[in-house]
Amino acid sequence: MTDNSDMKLAKTIRVAGIEIRTASPPKGLVVREHLGILTNESMDGQVVHRTRAPSVPLFETRATITPGGDYLLMFPEGGHYGGSGEKVNDMLAYRSSDKGKTWNGPKLAFDIDYNQHGFVPLIPRGSKRIYAFGTQPIWGKFNPNREKGLQENAPIGFRYSDDDGHTWSDVTLIEPVNDPGFLGMSVMRMCETNAGTWLIGSHEGDWSYKPLMTRQYILRSEDRGKTWTVLPHKRHGGWYVTGFNRMDEGRPINLGDGK
């Protein structure tokens with residue numbers, strides 16, 4: 001377990017607008033000092049990773065159970081990819097073979113020269129292959145210039161592993177047949193339907209609008225990633241909430257029976 005003895009708890013925190021003193025939490029809640037969080041009585045945990053320095057952030061953290069039964073945890077450590085014209089983060093991986101009791105890592109997941117957004121895992125039914133989907137801000141394929149307001153839109157792509165997540169293929173970029181140059185962001189979990197269709201959410205943002213404008217899409221493949229279509233329409237015809245001019249971070253969930 002990672003040592004947090006050098007970190008001090010805040011005297012008060014705000015939860016849903018309510019100020020709570022950590023020395024006397026409400027009934028049913030417990031301050032887990034070794035975690036630095038407030039939980040209900042039935043929850044506990046451990047700190048798996050601490051950054052190199054307090055100023056080094058972590059971003060979207062995702063995990064999956066591998067075909068071999070390990071817990072595989074991956075996340076980018078360093079700066080956010082959006083708006084940065086240089087390498088500022090790496091995708092790190094931890095692995096547990098005893099259901100989270102102990103962890104091995106961190107290990108560099110992808111040895112690449114560009115930044116990462118997050119790990120979106122998919123293990124197709126009947127397969128031992130693990131896919132790692134996500135935003136791919138490859139140099140020259142996205143524009144980190146904040147002046148144009150498009151600094152987080154990038155290609156979406158995937159890698160795969162046939163050795164239980166120890167090594168990974170090169171990236172394959174998604175080029176929808178109805179919008180081959182699609183750029184957006186994908187970091188929310190995806191799904192496979194009962195029919196075997198792959199669905200992953202993606203949204204685009206434009207910070208030149210005040211307030212921010214976003215559009216939500218679904219990338220859809222019926223042939224295990226060989227070809228894709230973007231729904232409901234090509235850019236900029238995505239879903240949005242009238243009155244807010246926004247919809248983003250969508251997650252498709254398979255409910256069964258085609259729903």
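These figures come from a predicted structure and were not determined experimentally.
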_Joint cluster assignment, Val120 & Met188, ILVMFWY side-chain distance < 4.5 Å_ = no
*Run the salt-bridge test on Arg251 and Glu249 with the 4.0 Å N-O cut-off and return the result as yes or no.*
no
*Relative to the ring of Tyr131, is the ring of Trp198 parallel (under 30°), tilted (30 to 60°) or perpendicular (over 60°)?*
perpendicular
*asked:* Show the nearest heavy-atom pair for residues Thr135 and Ala154, with the distance to one decimal.
replied: CG2-CB, 3.8 Å
*So, for Gly201 and Pro252, which heavy atoms are closest and what is the spacing to 0.1 Å?*
N-CD, 3.8 Å
*Donor-acceptor contact below 3.5 Å, side chain Tyr81 vs main chain Glu152*: yes
*Return the minimal non-hydrogen interatomic distance between Cys191 and Asn254, and the atom names on each side.*
SG-N, 3.8 Å
_Within this structure, what is the CZ-CD1 distance for the pair Arg21 and Ile13, rounded to the nearest 0.5 Å?_
12.0 Å
*Which residue, Phe110, Phe119, Phe133, forms the ring pair (Phe, Tyr, Trp, His ring centres under 6.0 Å) with Phe158?*
Phe133
*Rounded to the nearest 0.5 Å, what's the gap from CG on Leu122 to CZ on Arg129? Could you check?*
11.5 Å
*Any side-chain heavy atom of Pro176 sitting closer than 4.5 Å to one from Thr229?*
no
*Leu9 CG to Arg32 CZ distance, which is reported to the nearest 0.5 Å*: 12.5 Å
_Treating Lys87 as the side-chain partner and Ile112 as the backbone partner, does any N or O pair qualify as donor plus acceptor under 3.5 Å?_
yes
_Atom of Asn115, atom of Val88 and distance for their closest heavy-atom approach_ = OD1-N, 2.6 Å
*Indicate yes or no for a side-chain donor-acceptor contact from Thr22 to the backbone of Ala10 under 3.5 Å, with no hydrogens or angles considered.*
yes
*Would you say the side chain of Leu38 lies within less than 4.5 Å of the side chain of Val30, judging by non-hydrogen atoms?*
no
*Taking a hydrophobic cluster as the set of Ile, Leu, Val, Met, Phe, Trp and Tyr residues connected by side-chain heavy atoms closer than 4.5 Å, whether directly or through intermediates, do Val47 and Ile37 fall within one such cluster?*
yes
*Side-chain contact test, heavy atoms from C-beta onward, threshold under 4.5 Å: evaluate it for Ile200 versus Ile218 and give yes or no.*
no
_Heavy-atom pair of closest approach, residues Pro76 and Gly118_ = CG-N, 4.0 Å
*Please confirm whether the backbone N or O of Met185 pairs with a side-chain atom of Ser202, one donor and one acceptor, at under 3.5 Å?*
yes
*Could you list all the salt bridge (charged side-chain N to carboxylate O under 4.0 Å, His left out) pairs where at least one residue sits in residues 66-75, not counting sequence neighbours?*
Asp70-Arg95
*asked:* Let me check something: do Leu72 and Met190 share a hydrophobic cluster, defined by ILVMFWY side-chain heavy atoms less than 4.5 Å apart, either directly or through other members?
replied: no
*Output, in order, the C-alpha distance, side-chain angles, deciding distance and verdict of side-chain hydrogen bond (donor to acceptor under 3.5 Å, both in side chains) for His34 and Asp44.*
CA-CA 10 Å; His34 62 289; Asp44 203 346; 2.9 Å; yes
*Side-chain donor/acceptor of Glu192 to backbone N/O of Arg125, under 3.5 Å*: yes
_If I take atom CD from residue Glu77 and atom CZ from residue Phe59, how far apart are they, to the nearest 0.5 angstrom?_
10.5 Å
*Lys107 side chain to His166 backbone, donor-acceptor under 3.5 Å*: yes
*Contacts of type side chain to side chain contact (heavy atoms under 4.5 Å, CB included), residue Leu212, not counting sequence neighbours*: Trp207, Thr214, Arg246
_N/O donor-acceptor pair under 3.5 Å between Gln136 side chain and Gly134 backbone_ = yes
_Pair Thr66-Asp164, side-chain hydrogen bond (donor to acceptor under 3.5 Å, both in side chains): steps then yes or no_ = CA-CA 6 Å; Thr66 71; Asp164 218 45; 2.8 Å; yes
*Taking Asp179 for its side chain and Arg235 for its backbone only, find out whether a donor-acceptor pair lies under 3.5 Å.*
yes
*asked:* Return the CH2 to CG distance between Trp168 and Asp163, rounded to the nearest 0.5 Å.
replied: 8.5 Å
*Can the ring centres of Phe182 and Tyr217 be said to be less than 6.0 Å apart?*
yes
*asked:* Rounded to the nearest 0.5 Å, what separates atom OG in Ser96 from atom CG in Asn104?
replied: 8.0 Å
*Which atoms form the tightest heavy-atom contact between Pro155 and Phe142, and what is the distance?*
CD-CB, 4.5 Å
_Evaluate Thr172 against Asp170 for side-chain hydrogen bond (donor to acceptor under 3.5 Å, both in side chains), listing each step before the verdict._
CA-CA 7 Å; Thr172 296; Asp170 292 334; over 6 Å; no
*Evaluate the salt bridge (Lys or Arg N to Asp or Glu O under 4.0 Å) criterion for residues Glu222 and Arg220: first the C-alpha distance (whole Å), next the side-chain angles of each, then the deciding distance (0.1 Å), finally the verdict.*
CA-CA 7 Å; Glu222 295 182 349; Arg220 184 176 191 274; 2.6 Å; yes
_Verdict with supporting geometry, Asn194 and Asp257, side-chain hydrogen bond (donor to acceptor under 3.5 Å, both in side chains)_ = CA-CA 7 Å; Asn194 288 23; Asp257 296 327; 5.0 Å; no
*Charged N to carboxylate O below 4.0 Å: is that the case for Glu204 and Arg215?*
no
*With no hydrogens and no angle check, is any side-chain donor or acceptor of Arg62 less than 3.5 Å from a backbone partner on Val187?*
yes
_Strictly distance-based, threshold 3.5 Å: is any side-chain N or O of Asp206 a donor or acceptor partner for the main-chain N or O of Ser208?_
yes
